[in-house]
Structure formats: C-alpha cells, structure tokens
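Read through the structure below, which is laid out as structure tokens, and then see the notes.
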Amino acid sequence: MNMVRTIKGTHDILPAQSGDWQDLETQIHKTANLHGYDEIRTPIIENAALFNRGVGEETDIVSKEMYSWIDKDKSTISLRPELTAPVARAYVQHNLGGQSLLQRLYYIGPSFRRERPQKGRQRQFHQFGVEAIGSDNPEQDAEVISIGWSILNSFGINELELNISSIGSENCRTNYRQELINYLKPFIPQLSEVSQHRLKHNPLRILDTKNKDEIKIIESAPKIENFYTKEDETYFLTVQQYLNDLEIPYKINPLLVRGLDYYTQTTFEISSKKIGAQDALLGGGRYDGLIKSLGGKDVPAVGFAAGMERILIAADDRKRTDKHLPCIYIVCTDLSALGPMQQIAKNLRDLGIKIILETLRRSMKAQMREANKRKANYAIIVGEKEAINETVQLKNLNEGTQDTINQSELVSYFRSLTF
Ligand code: AMP
C-alpha cells in the first residue's frame, strides 16, 4: 500500500527535535511571566470574517494564503493565519478590558498560510507572540519589544538586529499615502504587477519591495518622517529613549512597513544575520485601531508575533540545556518479577526519577545495551535468582559497581541518594 505522507509545507516535529521546541517554549513562558504576561489559547479555526476585518482583505495573508472553506452550515471558516486577530476577538468577546484596564497576554501555537514552502517558510508553522492591550504610552511599546529581544537573546541567538520605525498616526499616514501615490504615479509602467495593485490598495507596502528597480525608485520617494505630527515625533523618540535605557541596540529603518493594515505608530522587526535580514524572526508594532474594528471599544494595543521554526534555525548552534533527568533502567528477565517491578517503578517515579521499564522481554544483554543507549545512571537487574530472593542487582552504570539489595529497600535507598 502507498504510504500516506504529510501535506506539502507541513512537518512532523520528531523526538530528536522536540527537546529544542520544549526549551524554546520554556523560555517563552518564563520570560513572558517575568514581565507579568498571562497565556491565552484560542481556537485554531475561526470565522473567516475575523481575518477579513482584523487583518484586511487586501493583505496577501487573507487574499492569497488563507485556508478557508464553507462549512456544512454554510458559514465560512478559516484556519488562523496569525493570532493577533483571534486574541483581539477573545479580548472583545470576553470583555477582558472590563476586568482590568491593561491586559498583558501571550500565546504560542500553530498558524497556517498557503505560501510557497521553502526553508523557514511553511504552510503550518508556529508562532508565539505578546499583545499588550490598553496602554497608549511609549513605555508599553518598549516593554513589548524588550520581551521579544530578551526571549531571542536568552535562547542563545547571536547577531540579532532590531529595526524600528514609526508609521505615525492615522492622520500622518493618510497624508503620506497620498504623497506617495502622487510620487509613484509617473513610475506606474516601471512597477511590477504586484506593486501596481498595491498602489491602488495598500501603497505603503511598496516601500517593502525586494525588486531592485523598485528599490531605486523608492530611494527618492517622500519620507514618512516628514509627515509626522509633533506628537508622532515625540512618541517615537520616547520609545527610542526607553530602548536606550533598556540597553537594547536598534536601527531606525524608515522603510519598515508591516504587511498588515491595522498598524499605527511604532513598528519593529528582529532578524538574525544568520538567516538573512529578509527573513525576520519576529515582527510587530502598535495597532490602535484593531480592537475597535472588531466591535470593541477604542482601546490601544501593541504586540508582536515571532516564528518559532525560524528561531530554531537561527539557534541551531546554541548550547543545549542538559535535560538529562536521573534515570534508572529496570532490566527484568524473570516474568514473575514484572508485577513487583511495576510497583517499584511507580514509587521511584514519584521521587522524580526517570524509570524505563523493559516491555520487549529481550535478553539480559540486549536490555543492558538499551540501558546504556538511554544513558541510564543505574540498572536495576532482576533475574530468576533475584526474583526468588526478592532482591535486585543494582548496577551503577557510571562507576561500574554492583550491589545486591532487597527489593523492599530500593525506594528508601534512592530517596537518600542525590544523582
Ligand atoms: P507576520 O505575522 O507575517 O508578521 O509573521 C510573524 C513571524 O512569523 C515572521 O517574522 C516569521 O518569523 C514567522 N512566519 C510568518 N510566516 C511564516 C511561514 N510561512 N513559515 C514560517 N514562519 C513564518
């Protein structure tokens, strides 16, 4: 029979890799908690309308990459392509703002986009992110950026680069958008089809182009900083001041425009030279209009999303945490001893010791080989003689020493032992 395989752009996380995933998740939980953020978990499927409104129908994510289908009750459902809109939906739906003026939330989970798969770009990938909903002050932006910075740093990723920008207030953006359109209009024949489309629907995104000819055109385009209001300017400078206070190095990159519609003021991206500046590890910004556009009050918010696959690629030479729990392998060749060994295994696990109990009924030699392969510290060996005498051979696999010990004394023996 033909083997059924994973769908294109999706991957299994195999046992050899899952330790790294657990390490990263632990780092995320730890850093988020240290900053007073609580975890939120939302469903993987949502009404398509959430993303049409919350992300924007003109974005690639929604218009080209979203997995959607009409369900049996005729509703249109989507696999989430990102988590900011779902978190904002949950905030509105459960009136989290009524519970406290500021909600500091973080999430970890899979997202789905029908992109062309390549290294660091998958159709099912994993994101973590934080969303601080309720504060419109620059210290909130700095806090959010510092959480992202600190997670990546403490996960051992070197050569991190933080780029920041401000796309100003809505007023500033409306004026700038018009100027940019005026500037680009004479170049329309030279623009790619994609950029021509963007010029109509989302002109700021053209600044983000990777096309060499377009980059040249953009070089002389009007600059957004010339359209900042006094408040926009002060806000951006204050964010920078707090980043200085936090000793986080950054670069100002005026061409940094996030792909999503709901951003205002601060935008930022963190990349690592190791995987190339084009592929950000983390991106975010302030999105003061989002909550309102999803039927909530006019509540400001700032957050980021980070790609976990890319982080793991960037961190592939980090020093791994030694997760070697103290471990005992129970080598049992006498079936009559299997019952008592179950009991002993349970009691030893209650002490926090990893116990691996042979279930393949292999030969003594094969079981001992397995114990070494699993890097066990001890083997508890029970053959026919030991089963009759209710004893075990206790072998210290690190030192090679061996003692006979009563089965009834095993638990107290290991309770007094530190590995
Ligand atoms: P975005 O929601 O587009 O701002 O993406 C946030 C982060 O998610 C990016 O910086 C990437 O690290 C990651 N990411 C986005 N799309 C993908 C994908 N298709 N595969 C893997 N990671 C992705």
Side-chain angles (χ1 to χ4, degrees), residues 6-13 17 20-21 24-25 28 42 44 46 50-51 54-56 58-67 78-88 106-131 144-145 147-149 151-152 155 157 160-165 167 202 204-205 207-208 210 253 256-264 266-287 290 301-316:
T6 45
I7 291 169
K8 187 175 169 189
T10 69
H11 293 274
D12 297 310
I13 295 167
Q17 302 138 7
D20 286 333
W21 281 83
L24 177 55
E25 285 159 10
I28 296 163
T42 62
I44 282 169
E46 296 270 3
L50 172 65
F51 303 108
V55 180
E58 276 310 321
T59 56
D60 290 350
I61 295 177
V62 172
S63 64
K64 297 194 198 132
E65 297 165 1
M66 199 154 74
Y67 287 95
S78 300
L79 290 179
R80 64 183 184 204
E82 56 99 60
L83 279 94
T84 295
V87 169
Y106 77 99
Y107 60 78
I108 306 181
S111 290
F112 305 83
R113 295 181 194 173
R114 201 175 197 294
E115 297 197 78
R116 202 162 51 81
Q118 50 185 278
K119 194 170 185 208
R121 189 169 305 258
Q122 301 179 187
R123 292 184 169 179
Q124 174 173 341
F125 59 102
H126 296 76
Q127 291 186 316
F128 74 87
V130 310
E131 315 288 359
V144 163
I145 294 173
I147 295 174
W149 181 263
I151 291 174
L152 297 180
F155 197 60
I157 304 180
L160 284 177
E161 192 177 290
L162 166 65
N163 277 267
I164 59 168
S165 183
I167 51 170
N202 197 349
L204 263 64
R205 284 219 53 204
L207 301 177
D208 222 0
K210 306 285 181 279
N253 175 359
L256 186 71
V257 236
R258 307 282 307 138
L260 309 182
D261 280 349
Y262 46 62
Y263 283 95
T264 48
T266 318
T267 59
F268 57 92
E269 262 183 18
I270 304 180
S271 50
S272 159
K273 288 200 190 103
K274 255 198 93 183
I275 64 165
Q278 276 198 15
D279 287 318
L281 299 174
L282 177 157
R286 178 164 278 287
Y287 44 91
L290 178 67
V302 52
F304 70 73
M308 295 170 73
E309 281 80 4
R310 286 191 201 168
I311 291 172
L312 288 166
I313 294 172
D316 68 350

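By convention here, the first residue in the shown sequence is residue 1. We count ligands from 1, going down the list as the structure has it; atoms in each ligand are counted the same way.
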Exercise for review: Step by step, work out the side-chain contact (heavy atoms from CB on, under 4.5 Å) result for Ile311 and Leu152.
Suggested key: CA-CA 8 Å; Ile311 291 172; Leu152 297 180; 3.5 Å; yes
**Study point:** Least distance between heavy atoms, Gln124 atom then Pro110 atom
**Key:** NE2-CB, 3.5 Å
Check your understanding: Which is it for Glu269 and ligand 1 at heavy atoms under 4.0 Å: side chain, backbone, both or neither?
Key -> neither
Check your understanding: Quick one: does Ile61 get an N or O within less than 3.5 Å of an N or O on ligand 1?
Key -> no
Practice item. Please name all residues satisfying salt bridge (charged side-chain N to carboxylate O under 4.0 Å, His left out) with Glu46, sequence neighbours left out, ordered by chain then number. Key: Arg89
Practice item. Kindly identify the option in Gly120, Gly307, Gly284 whose heavy atom sits closest to atom 21 (C) of ligand 1. Key: Gly120
Practice item. Record the part of Leu281 in heavy-atom contact with ligand 1 below 4.0 Å; permitted values are side chain, backbone, both and neither. Key: backbone
Practice item. Could you tell me which non-hydrogen atom of Ala305 sits nearest to which non-hydrogen atom of Tyr107, and how far apart they are? Key: CB-OH, 3.4 Å
**Study point:** Test side-chain contact (heavy atoms from CB on, under 4.5 Å) applied to Glu65 - qualifying residues, sequence neighbours left out
**Key:** Asp60, Ile61, Arg113, Glu115
**Study point:** Residue Glu115 vicinity, atoms of ligand 1 by number, heavy atom under 4.0 Å
**Key:** 16 (N), 17 (C), 18 (C), 19 (N)
Check your understanding: Can you name the closest pair of heavy atoms from Val62 and Met66 and give their distance?
Key -> O-CB, 3.9 Å
Exercise for review: Provide the number and element of each atom of ligand 1 under 4.0 Å from a heavy atom of Gln122.
Suggested key: 18 (C), 19 (N), 20 (N), 21 (C)
Check your understanding: Looking at Phe51 and Pro86, what are the two nearest heavy atoms and their distance?
Key -> CE2-CD, 3.6 Å
**Study point:** Option with minimal heavy-atom separation from atom 5 (O) of ligand 1, where the choices are Glu82, Gln127, Met308
**Key:** Gln127
Practice item. For ligand 1, note which part of Leu282 has a heavy atom under 4.0 Å away: side chain, backbone, both or neither. Key: backbone
Exercise for review: For ligand 1, note which part of Glu309 has a heavy atom under 4.0 Å away: side chain, backbone, both or neither.
Suggested key: neither
